[in-house]
Amino acid sequence: MKVFTDFHHSALLRSLVLLFEYRLGAKVYRPIGTEWHENGFWKVYNHPATVQQYLTLAQGYRPIDGTPPLNQFVDGLTEYEDDVYYCTDPESESYNKAITLEKFKSMKFDIIIASIPAHIEPFKKLIELYQPQAKLVFQVGNAWDFNAMGVQNVLSSTKPVETKPEQNVVFYHQEFDLKTFYPSVPPGNRRIHSFVNILQSQGLADFLRLEELLPDFQLRSYGAGNRDGIKNGVKEVAAGMREADWVFHVKPGGDGYGHVIHNAFACGRPVITRKSYYKDRLAGDLMIDGETCFDLDVHDVETVAKLIRTASDYKNAPLLKQMSERAYEKFKEVVDFDREEKEIREWLKKLK
């Protein structure tokens, strides 16, 4: 089985590789070369710098925002397919396979995946022109109303909703490496780490207020646009989570799926959050105030600061360790990649 997918999010692409290649034995390819954009088949964001960032073949190109380049070729592989570009995945320390539009035309695909609404119609055109045997799949990672988008096959990593009888839909969690994100006992060092890119508005206000109320704790905000720099790759992110007692994650609007929030629970880290942002979101199933998280919608920041201090005092209450264990238990209750693989295999048999 050959699968072609667009590419706008590194963790999503990696999850599709883990699913289709590692679990289902397929081969996954994504686009490279600016002709995808020039011919109207790439619509992530219509800005010259973004087009170059995601599609350029130029090995000297560096994104203007300082993030790692996305199309650096891998050296040292023993087997190559002709006219396929093997690109490093700076997040997972792996690689993915990329093809030009001309190479795409010469191959035969079973599945074409659009992961943003803007690619649904262009990918229907791709199938009509070059891959009439292929089935279109819409991968949903945000709270989009896919029932109204003219798609029949839906692979959705969002909170389950009612679907149309004529649609072929499966709900799942985007997979990540559980050998990288694994639980550990909190170190008891009174550290609180955030990994929300561009921490702002309510999230930034809550973070700074907690820092003010907990002067003997160390609060760090990692990620693009944040004061403490970037953790490069999933190994650094996972290590950064386990180096702290708590993960702060206040993100207005929440996530459709949310790799970071799921990563934190997989590491057994209780979270400081606002659960209202995760109403009707997958990650909301992980959050139980006082057990796996402290909810700033239930308690004011001053109360949460007191709760954190009490939970961090091992002499009086081993609550932090208990919350850590409960966070990981809840992750295992909610997320089962093996079970979901079986459900996806059944869904694949019904592609339309």
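It should be emphasised that the depicted structure is a prediction, and the values quoted were computed from it without experimental measurement.
Closest of all the heavy-atom pairs between V250 and T273 is CG2-CA, 3.9 Å. Taking every heavy atom of both residues into account, R309 and L214 meet most closely at NH2-CD2, 3.4 Å. Annotation for D145 and M149: closest pair O-CG, 3.5 Å, computed over non-hydrogen atoms. Heavy-atom minimum distance, D82 versus K103: O-NZ, 3.1 Å. Heavy atoms only, all atoms of each residue included: F181 and V234 are closest at CZ-O, 3.7 Å. Considering all non-hydrogen atoms of both residues, A26 and V3 come closest at CB-CG2, 4.2 Å.
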Checklist line | L12 and S115: CA distance, side-chain angles, deciding distance, side chain to side chain contact (heavy atoms under 4.5 Å, CB included) verdict | finding: CA-CA 9 Å; L12 169 59; S115 67; 3.7 Å; yes

Item checked: Working for ring pair (Phe, Tyr, Trp, His ring centres under 6.0 Å), residues W347 and Y172 -> CA-CA 11 Å; W347 168 80; Y172 80 117; 8.4 Å; no

Checklist line | Stepwise salt bridge (Lys or Arg N to Asp or Glu O under 4.0 Å) test for K332 and E329 | finding: CA-CA 5 Å; K332 296 298 289 182; E329 289 170 0; over 6 Å; no

Next item on the list: Start with the C-alpha distance between E128 and K124, add both sets of side-chain angles, then the distance that settles side chain to side chain contact (heavy atoms under 4.5 Å, CB included), and finish with yes or no.
Entry: CA-CA 6 Å; E128 177 187 343; K124 285 182 178 179; over 6 Å; no

Next item on the list: Show your reasoning for whether salt bridge (Lys or Arg N to Asp or Glu O under 4.0 Å) applies to E211 and R227.
Entry: CA-CA 14 Å; E211 187 172 50; R227 71 183 190 192; 2.4 Å; yes

Notebook entry, point to check: Step by step, would you call E291 with K330 a salt bridge (Lys or Arg N to Asp or Glu O under 4.0 Å)?
Noted result: CA-CA 10 Å; E291 293 187 31; K330 193 61 180 175; over 6 Å; no

Check: L178 and F331: side chain to side chain contact (heavy atoms under 4.5 Å, CB included), yes or no, with the steps?
Finding: CA-CA 11 Å; L178 297 181; F331 174 80; 4.0 Å; yes

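Remark: the D255 side chain and the Y278 side chain contain an N/O donor-acceptor pair separated by less than 3.5 Å. Residues T310 and D313 bring no donor and acceptor atom of their side chains to less than 3.5 Å of each other. Checking E79 against Y86 by side-chain atom types alone, no donor-acceptor pair falls below 3.5 Å. The closest side-chain donor-acceptor pair between E243 and H193, if any, does not fall under 3.5 angstrom.
Ring geometry, F337 versus F176: the interplanar angle exceeds 60°, so the pair is classed perpendicular (tilted spans 30 to 60°). Between Y257 and H259, the ring planes are perpendicular. Angles over 60° get that label, and only those under 30° would be called parallel. Ring geometry for H173 against H262 counts as perpendicular: the plane angle is over 60°, on a 0 to 90° scale with 30° as the lower cut.
Within the 4.5 Å cutoff, the side chain of L348 has heavy atoms near those of the I111 side chain. In this structure the side chain of P270 never reaches within 4.5 angstrom of the side chain of R326, judged on heavy atoms. In this structure, L351 and V137 have side chains that are in contact, with non-hydrogen atoms separated by less than 4.5 Å. Counting only heavy atoms from C-beta outward, the side chains of F171 and T163 approach each other to under 4.5 Å. Side-chain contact between Q59 and Q72: present, with at least one pair of heavy atoms (C-beta onward) separated by less than 4.5 Å.
Salt-bridge annotation for E346 and K342: absent, with no side-chain N of the basic residue lying under 4.0 Å from a carboxylate O of the acidic one. A salt bridge links D297 to R274: at least one charged side-chain nitrogen sits closer than 4.0 Å to a carboxylate oxygen. By the 4.0 Å N-to-carboxylate-O rule, D6 lies too far from K43 to be salt-bridged with it. Between R14 and D177 there is no salt bridge, since none of the side-chain N atoms of the basic residue sits less than 4.0 Å from a carboxylate O of the acidic one.
Linking Ile, Leu, Val, Met, Phe, Trp and Tyr whenever their side-chain heavy atoms come within less than 4.5 Å puts L210 and V260 in one cluster. Under a hydrophobic-cluster definition in which Ile, Leu, Val, Met, Phe, Trp and Tyr are linked whenever side-chain heavy atoms come within less than 4.5 Å, directly or via other members, I288 and M323 are assigned to different clusters. Under the 4.5 Å side-chain heavy-atom criterion for grouping Ile, Leu, Val, Met, Phe, Trp and Tyr, L24 is connected to Y22 within one hydrophobic cluster. Hydrophobic clustering keeps L282 apart from V161 (ILVMFWY residues linked when any side-chain heavy atoms are closer than 4.5 Å, directly or through intermediates). Hydrophobic cluster membership differs between I32 and I113, with clusters built from Ile, Leu, Val, Met, Phe, Trp and Tyr side chains linked at under 4.5 angstrom.
No donor-acceptor pair under 3.5 Å is formed between the side chain of E91 and the backbone N or O of A11. Although no hydrogens or angles enter the test, the distance criterion places no donor-acceptor pair under 3.5 Å between the side chain of N39 and the main chain of F41. Listed for the T292 side chain is a donor-acceptor partner under 3.5 Å among the backbone atoms of L286. In terms of modelled atom types and a separation under 3.5 Å, the side chain of N263 and the main chain of A238 share no donor-acceptor contact. In terms of modelled atom types and a separation under 3.5 Å, the side chain of R191 and the main chain of Q218 share no donor-acceptor contact. At least one donor-acceptor pair under 3.5 Å links the side chain of N153 to the backbone N or O of K352. Using a distance-only test at 3.5 Å, with no hydrogens or angles considered, no donor-acceptor pair links the side chain of N168 to the main chain of Q152. Proximity of a side-chain donor or acceptor of N197 to a complementary backbone N or O of G225 within less than 3.5 Å is not detected. With D295 contributing its side chain and K275 its backbone, the two residues share a donor-acceptor pair below 3.5 Å. Listed for the K2 side chain is no donor-acceptor partner under 3.5 Å among the backbone atoms of K108.
Checked against a 6.0 Å centroid threshold, the rings of F138 and W144 count as neighbours. Ring to ring, F104 and W36 are close: their centroids are under 6.0 angstrom apart.
For the pair R242 and Y182, the distance from NZ or CZ to the six-membered ring centre is under 6.0 Å and the angle to the ring normal is within 45 degrees. Annotation: cation-pi geometry satisfied between K97 and Y29 (NZ/CZ under 6.0 angstrom from ring centroid, within 45° of ring axis).
Residue W246 forms a ring pair (Phe, Tyr, Trp, His ring centres under 6.0 Å) with just one option from F207, F217, F294, F195, and that option is F294.
Taking CG of D110 as the reference point, atom NZ of K27 lies at 12.0 Å (rounded to 0.5 Å). With values rounded to the nearest 0.5 angstrom, D300 atom CG is found 8.0 Å from K306 atom NZ. Rounding to the nearest 0.5 angstrom, the gap separating the CZ atom in F4 from the CD1 atom in I99 is 5.5 Å. Note that CD1 of I272 and CG of D206 are 10.0 Å apart. Values are rounded to the nearest 0.5 Å. Here the CD1-CD1 distance, from I127 to I112, works out to 5.5 Å after rounding to the nearest 0.5 Å. To the nearest 0.5 angstrom, R345 atom CZ is 9.0 Å from R23 atom CZ.
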Considering only distance and modelled atom types, tabulate donor-acceptor pairs under 3.5 Å from the side chains of residues 44-51, sequence neighbours left out.
residue : atom : partner : partner atom : Å
N46     : OD1  : H37     : NE2          : 3.0
H47     : ND1  : A49     : N            : 3.0

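Residue K105 qualifies as enclosed at atom NZ: its count of foreign heavy atoms under 6.0 Å is above 12.
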